Structure formats: structure tokens, C-alpha cells
Amino acid sequence: ECTTNPNDVDSDDDGLWDGDECYGLTTDPTDSDSDDDGLSDGDEFNTYSSDPNDSDSDGDGLSDGDEVNTYSTDLNDDDSDDDGLSDGDEVNTYSTDPTDSDSDSDDLSDGDEVNTYSTDPNDDDSDGDGVYDYDELNECTTNPNDVDSDDDGLWDGDECYGLTTDPTDSDSDDDGL
């Protein structure tokens, strides 16, 4: 049974009529934010097409209100930037930008850095050897998590860009040394 103000079509002033809240949406007609997520039931239903009874409509670990008011993410898409990491994981686990698929601008998506290469999605040179992670994988063919991929005592960055030795061969000139 719904108990509302009989003289007011919208007892909680959320933009939804009491009858719709009682018999259609099953939201609380006396609480403007039935799921306590920071968005009114009316905004969730009329503006965002989200579920006013679920504080996290897309199940990504961020409340609908935080998605709209704090992170500017899509509250109906668990991965707003389509990088392979949920918005909640980007914010709560990796401290990456859930609206930018490549938070460190190294041409590797945050999802690939975390799930495929085990590199740092917030650092364009995860091992600090002077070579961007993308370049290590695609140009130098070195390990973006190892400053000296061939263990010859020379950093990958020096070998790839300065010395013109092979950063994947510990004896680039084949002299046995």
C-alpha cells in the first residue's frame, strides 16, 4: 500500500507521479531518491534511463550518482571508455581515468596494460628505461617491465635508441663477450 499526500500528485517532488511510483516503478513515492545513490528517481527514470531502485545500474562498482556527478561516466555502461576495465576498477583499483582508454597516453589501452602486458597504465614507461611501453612491445621488441631485457648490463633505451646494439641479444656483435 502506498501512503502519500492525497493533495499532491508528486509527494516527494522527484518528477514522478505518486501513482507511477506506487504501481509501475515500485519506487518510494515519499523518498525522492529511493536507492540513495545521489540521483533523484525522476532523473534516473526520465533523464538517464537508469534503474531508480538500483544504486549501481550497470554493476560496475560506482554508484549512479558518482558516475554522473563525479566521474562523468555512463551509468548504463560498466566500461565507459571501452578499454576492457570496468569504470569501478579504473577508479577503485588502478586509479586510471574511466573516460580515457589510455590514461598514460602510451598507445596501449589501460585494459591491455593491466590484462595483457602487466604494465602500469599510469606510466608510459613502466620500467623507466627510457622507452615507452608501446615502443618496447612494437619497435624494440623488448620487455616493458625489464630495463635490460637481454641482461647484458645495458638498458633497453640505450640499446634501442643510442648504441644501435640489439636490446634482445646480449652479444650483439657475436664476439663472445
Side-chain angles (χ1 to χ4, degrees), residues 1-128 131-138 143-146:
E1 175 180 320
C2 280
T3 305
T4 60
N5 181 346
N7 297 316
D8 189 347
V9 296
D10 183 6
S11 296
D12 58 7
D13 297 320
D14 64 358
L16 299 173
W17 286 12
D18 293 346
D20 291 335
E21 290 198 74
C22 287
Y23 304 112
L25 297 171
T26 64
T27 53
D28 183 345
T30 62
D31 182 353
S32 64
D33 184 7
S34 296
D35 59 8
D36 298 320
D37 63 0
L39 297 176
S40 74
D41 296 342
D43 282 348
E44 288 208 55
F45 185 76
N46 295 318
T47 303
Y48 301 109
S49 300
S50 59
D51 185 348
N53 287 307
D54 185 347
S55 63
D56 183 7
S57 294
D58 60 9
D60 64 0
L62 298 177
S63 74
D64 293 345
D66 283 348
E67 293 215 47
V68 170
N69 299 318
T70 303
Y71 303 109
S72 300
T73 51
D74 182 343
L75 55 90
N76 291 304
D77 183 350
D78 67 343
D79 182 8
S80 296
D81 60 7
D82 297 320
D83 64 358
L85 298 177
S86 74
D87 296 340
D89 283 346
E90 293 213 48
V91 169
N92 298 317
T93 303
Y94 303 109
S95 299
T96 51
D97 182 346
T99 63
D100 184 351
S101 62
D102 182 11
S103 295
D104 60 7
S105 301
D106 66 354
D107 293 326
L108 296 174
S109 75
D110 295 342
D112 284 347
E113 292 211 50
V114 168
N115 298 318
T116 303
Y117 304 115
S118 298
T119 53
D120 183 346
N122 291 302
D123 187 345
D124 58 8
D125 181 11
S126 294
D127 59 8
V131 184
Y132 292 136
D133 294 340
Y134 176 88
D135 293 341
E136 290 217 46
L137 293 164
N138 294 290
N143 181 343
N145 292 304
D146 185 349

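Each residue takes its place number in the sequence, starting with 1. Just so you know, these numbers come straight off a predicted model, no measurement behind them.
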Q: Start with the C-alpha gap between Glu21 and Thr4, add the side-chain angles, then the distance that decides, and say whether side chain to side chain contact (heavy atoms under 4.5 Å, CB included) holds.
A: CA-CA 11 Å; Glu21 290 198 74; Thr4 60; over 6 Å; no

Q) Just checking, any donor-acceptor pair under 3.5 angstrom between side chains of Asp110 and Ser103? A)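 Judged by distance alone, the side chains do pair up.
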
Q.
Within the 3.5 Å criterion, strictly below it, is a donor on Ser109 or Asp102 matched to an acceptor on the partner's side chain?
A.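 Absent: no donor and acceptor within the cut-off.
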
Would you mind reporting whether [Y] and [X] have side-chain heavy atoms less than 4.5 Å apart?
| X | Y | result |
| --- | --- | --- |
| Glu113 | Thr96 | no |
| Cys22 | Pro29 | yes |
| Leu39 | Val68 | yes |
| Asn138 | Asp107 | no |
| Asn53 | Thr26 | yes |

Do [X] side-chain atoms and [Y] backbone N/O form a donor-acceptor pair below 3.5 Å?
| X | Y | value |
| --- | --- | --- |
| Asp104 | Asp123 | yes |
| Asp133 | Ser126 | yes |
| Ser11 | Asn5 | yes |
| Asp33 | Asp37 | yes |
| Asp10 | Asp14 | yes |
| Asn69 | Gly65 | yes |
| Asp127 | Asp146 | yes |
| Asn46 | Gly42 | yes |
| Thr73 | Ser80 | no |

Rounded to the nearest 0.5 Å, how far apart are [atom1] of [X] and [atom2] of [Y]?
| X | Y | atom1 | atom2 | result |
| --- | --- | --- | --- | --- |
| Asp135 | Asp124 | CG | CG | 9.5 Å |
| Tyr134 | Tyr117 | OH | OH | 9.0 Å |
| Phe45 | Thr27 | CZ | OG1 | 9.0 Å |
| Leu75 | Ser55 | CG | OG | 11.5 Å |
| Ser105 | Asp100 | OG | CG | 6.0 Å |
| Asp18 | Asp12 | CG | CG | 6.5 Å |

Q. Side chain to side chain donor-acceptor pair (under 3.5 Å) with Ser57: which of Asp64, Asp74, Asp35, Asp51?
A.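 That would be Asp64.
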
Q: Quick one: do Asp77 and Asp82 satisfy side chain to side chain contact (heavy atoms under 4.5 Å, CB included)? Show the steps, please.
A: CA-CA 9 Å; Asp77 183 350; Asp82 297 320; 4.0 Å; yes

**Q.** Worked verdict on Asp28 versus Ser34 for side chain to side chain contact (heavy atoms under 4.5 Å, CB included)
**A.** CA-CA 6 Å; Asp28 183 345; Ser34 296; 3.6 Å; yes

